[in-house]
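Notes follow once the structure below has been shown.
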Amino acid sequence: MKKTKTISMILAITALTGIIAGCGNTDNAEEGKTKITVWGWADKDADPDGYALGQKKIEDFEKKYPDYIVEGDQYQFAVDTFAAKAEGGALPTLYNSFLTEAENIAKLGYAKPITDLLKNNGYYDMFSDYLLDMISYDGEVYFFPKDVYTLGIIANLDIFEQAGLINEDGSPMVPNTFEELADMAKIITEKTGIPGFVQATTNNVGGWLFMPIAWGYGTKFMEQQNGKWVATFDSQECANALNLIKKMKWEDNSMPAETLIDAEGAIRLVGTGQAAMTIGHPDMAKGLKNYGLDINSVGMFKMPAGTAKRVTLLGGGVEAIAPNANDEQAEAVLKWLEFDGYTPNLDDETKQRIEEDYQNRANKGEIIGILDSSVWSDATDREQYTTEMIEKYRNIDPKNVASYNDKTDIEYQAEEPKNAQELYSVLDSMLQEILTNKDADVHDLLEKAVSDFQNNSLDYAE
Amino acid sequence: MDLKLQAKTKGSKGFVKLIKKNLVGWLLLLPALLCMYFFILRPMIIGTYLSFFDMKGYTPTDFIGLENYKRIFNDSMFMKNLINTFKYVLWSIVIGFFLPVIFSLMLNEMAHMRATLRFLIYLPAVLPAASVSLLWYFVYHPSAGGLLNMLIANFGMEPYVWLQDSKHTIMYIIISMTWCGAGSTVLYYYATLQGINREIYEAAVIDGAGFFRRILTVSLPNISGIVLLFFVRQIIGVFSVMEQPMMMTDGGPNGASMTLGLQIYKYAFRYYKPQFAMALGCILFLILLIITCFYYVLDKKIDKMNG
């Protein structure tokens, strides 16, 4: 009996200490050294080359800066886990996010302000003006932009070929206006039986990808009247943009039966030959290879023009510093970004790392050759060198992406200033209704959408 | 020493005595109690408390009383989502409540292949959620290549859009949930049926009771307790449904399958408004509390009526 009691006691204490031990935290930083953790680390087993490259980078960095310790972290930004990570102080010192989330992150204090750090190191004045606005909140800069992209049309050129939409010189035919896009989608469906165009409609992505169409037709989504934000998209311009989608779906039959899909779903359809075109950004185009589409069959075009203008939405990846990082860690992060080749600085070491990076991407079969926009206000040596590397390791036919890579004759527009995510959600719902209900009345939908957005979101906008 | 203090000392002495009397038992219970406190009780209390605050991220800033609740009630989507949630519950009762009862009775009465059928009924419950979603994605796929569309094509019917038909989206989601969740309920009912004294069945047979009479007079009354318990559990479970509509439709088309549970998720993780998520969570809790109380009152009345 006594023995049983002792064993039970040991079991109970073990279970208890197990719980308490789980709450512990360890930090192995060597004394006197500043330790930072960096997001996006490759998995040792899944991507041994990427992991080895990263570890070598750390080794070289620590050799150059012996006062710093760097540790890789596999963290990748995800909207559903971000707040919990940030609140629990579990973000890596350097983490990634996207311009579309920047305002929320800054507003909630989940990133460390870096205005002084950037000014002291001379980077502040080097950012493009439009970008500086997007990475700032309330007069402070919170993000370091890593890449900037614009939305365009992603195409499966195998289907274009089947539909006879390839020019004599081998280049794909490019839709210059949204009407041309609709016509081409119709031709593709008629000639191949494959839907010519697919529009994402869920996870707020549908609304986000719809913005350039709406802007192109002249839609104004909101404006400030006497200090109050007012939704203004219950307009003929927005109705025209929605009617374009409605016509493609119900009159031209050039959109797929599958409607409730997000951006990944749209890319899957294009990548697997179940749709010919969709709206997206270069990273989405790079995802086509995951669905077996050959690089030579990938095309990317400039956003077509609407009846008002040709405009596209600016997006991009940003780097941020965890709010609990101290100034030494922030300084170390900036050194890391310099070392990693994300500042305009260019020395032989940086050159080597940029080349190694492109080499690794090429080895992995990642599409190289779709050009991003520039983070910096003036052409820099670093940018020129990167362009050289893209040329050197280019694996996509320039003809297939020439339209997207031509950055002339197009306006760039940042996201709407207030409640952008809520707006995308309202637009998602409208797109879903239009694509699932043949008899949907666009004007009625717009009236309700504006009322919902105003009542549920804009009335509370600060 | 005044009386109050005396009583207090006596009370704490009694508590210490109670702990000392079975120290090992309490120690063994402690990890579970701590887990319950940290993962259930504490979040509930803090969530309710924080629902009365304005927040910056997850940090409370100002006490604003019922403002978060007002904002939720003023949200034009709240009523629609509430009605949708009730629709989920109703469909789950129509589809998901009777099916396990029928299956368990079937199993109980079967003489052959009982183990095989039991395995087949329970199989969906052990499949990973991702596999289940993928499976139903193919079942409900709106193209001609969708499993159900291939099936109805054999009868000369045109492909149907299934989940994209906003009038029936909720029903289709409930069918997939029932397919996945009914198996474990069947096992509970079946185990209860197996526990019924066989002599009662024999007596019923001697009295001339046929198959249906046996079920009505012996089987059903004996499992009615657990069936009622699962009825309440099902209402509570389905009332907070979130994953299935999120994975299958994201609440669409045009909010047709949106639920209060999914709205809570979106407030908390998509719009960084945890204060609204907490307030809506409290509203959900209150609704469920009312339903549960109603159930207990009803249950007692039925008991009284049965004498």
Side-chain angles (χ1 to χ4, degrees), chain A residues 4-9 11-16 18-20 23 78-84 86-88 101 104-105 107-110 201-204 206 256-262 274 419 421-422 425 428-437 440 445 448 451-452 455-457 459-460, chain B residues 23-35 38 55-59 67 71-72 74-78 80 137 140-146 149 159-167 169 246 248-258 265-266 268-274 276-277:
Chain A
T4 319
K5 214 172 178 183
T6 316
I7 291 170
S8 305
M9 183 82 90
L11 270 176
I13 291 168
T14 313
L16 193 62
I19 286 180
I20 294 164
C23 305
V79 72
D80 50 353
T81 56
F82 173 74
E87 210 54 50
E101 299 290 341
N104 274 330
I105 294 173
K107 193 156 68 177
L108 297 173
Y110 289 151
T201 62
T202 63
N203 286 332
N204 295 7
E258 194 178 356
T259 291
L260 297 176
I261 47 172
D262 59 9
Q274 297 176 73
N419 299 90
Q421 292 298 329
E422 286 86 348
S425 169
D428 265 6
S429 291
M430 271 204 296
L431 288 167
Q432 287 170 10
E433 185 65 20
I434 283 167
L435 293 177
T436 56
N437 178 7
L445 285 175
K448 184 173 182 310
S451 157
D452 284 348
N455 177 59
N456 303 339
S457 305
D459 277 350
Y460 303 93
Chain B
L23 184 64
V24 175
W26 284 108
L27 274 176
L28 280 169
L29 209 59
L30 197 58
L33 284 176
L34 283 176
C35 284
F38 280 113
M55 294 175 83
K56 185 180 176 186
Y58 283 77
T59 310
E67 274 307 309
R71 172 109 183 239
I72 283 166
N74 283 337
D75 191 308
S76 55
M77 296 311 290
F78 172 74
K80 185 178 181 181
Y137 167 78
Y140 284 138
H141 200 280
S143 71
N149 280 341
Y160 173 59
V161 290
W162 301 106
L163 290 169
Q164 290 169 202
D165 179 353
S166 57
K167 290 189 190 83
T169 311
M246 184 169 80
M248 297 174 88
T249 60
D250 193 36
N254 195 11
S257 59
M258 190 74 183
Y265 172 84
K266 288 191 176 188
F269 300 112
R270 213 171 274 178
Y271 302 123
Y272 305 103
K273 303 274 187 208
F276 299 153

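This structure is a prediction, so every number in the text was calculated from the model and none was measured. All chains are named by letter (A, B, ...) in the order of the sequence lines, taking the proteins before the strands, and each is independently numbered beginning at 1.
- Summarising the geometry, atom OG belonging to Ser425(A) is positioned 7.0 Å from atom CE belonging to Met258(B); distances are rounded to the nearest 0.5 Å.
- With a 4.5 Å cut-off on non-hydrogen atoms, Tyr140(B) does not touch chain A at all.
- Considering CD1 of Ile261(A) and CG of Asp250(B), their distance stands at 12.5 Å, rounded to 0.5 Å.
- Distance alone, capped at 3.5 Å, places no donor-acceptor pair between the Glu433(A) side chain and the Asn254(B) backbone.
- The minimum heavy-atom distance linking Pro253(B) with Thr436(A) is given by the pair CB-OG1, 3.8 Å.
- Of all the listed residues (Arg71(B), Met55(B), Lys56(B)), the one sharing the greatest number of non-hydrogen pairs under 4.5 Å with chain A is Arg71(B).
- With values rounded to the nearest 0.5 angstrom, Leu260(A) atom CG is found 11.0 Å from Tyr137(B) atom OH.
- For the set Ala86(A), Ser429(A), Ala84(A), Pro256(A), the entry with the most heavy-atom pairs within less than 4.5 Å of chain B is Ser429(A).
- Looking at Glu87(A) and Thr59(B), their side chains come closer than 4.5 Å, going by heavy atoms from C-beta outward.
- Of the possible polar contacts, one joining the Gln164(B) side chain to the Ala257(A) backbone as a donor-acceptor pair under 3.5 Å is found.
- The minimum heavy-atom distance between Val79(A) and Tyr272(B), with the atom names listed, is CG2-OH, 3.6 Å.
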Determine whether Tyr271(B) and Ser457(A) satisfy the following criterion, side-chain contact (heavy atoms from CB on, under 4.5 Å), listing intermediate values before the conclusion.
CA-CA 11 Å; Tyr271(B) 302 123; Ser457(A) 305; over 6 Å; no

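- Side chain of Glu258(A) to main chain of His141(B): no donor-acceptor pair is present (N/O by atom type, distance under 3.5 Å, no hydrogens or angles).
- Contact of Met246(B) with chain A is not made at all, since no heavy-atom distance falls under 4.5 Å.
- There is a side-chain donor-acceptor pair under 3.5 Å between Asn203(A) and Arg270(B).
- Ile434(A) does not touch chain B: none of its heavy atoms, backbone or side chain, sits under 4.5 Å away.
- Heavy atoms closer than 4.5 Å to chain A are found nowhere in Phe78(B), neither backbone nor side chain.
- One N or O on the side chain of Asn455(A) and one on the backbone of Asn74(B) form a donor-acceptor pair closer than 3.5 Å.
- Ser76(B) and Asn456(A) share a side-chain donor-acceptor pair at under 3.5 Å.
- Looking only at heavy-atom pairs under 4.5 Å with chain B, the residue among Thr201(A), Asn104(A), Thr259(A) that has the most is Thr259(A).
- With a 4.5 angstrom heavy-atom cutoff, Gln274(A) does not touch chain B via any of its atoms.
- Nearest heavy-atom pair across Ala83(A) and Tyr58(B) is CB-CE1, 3.7 Å.
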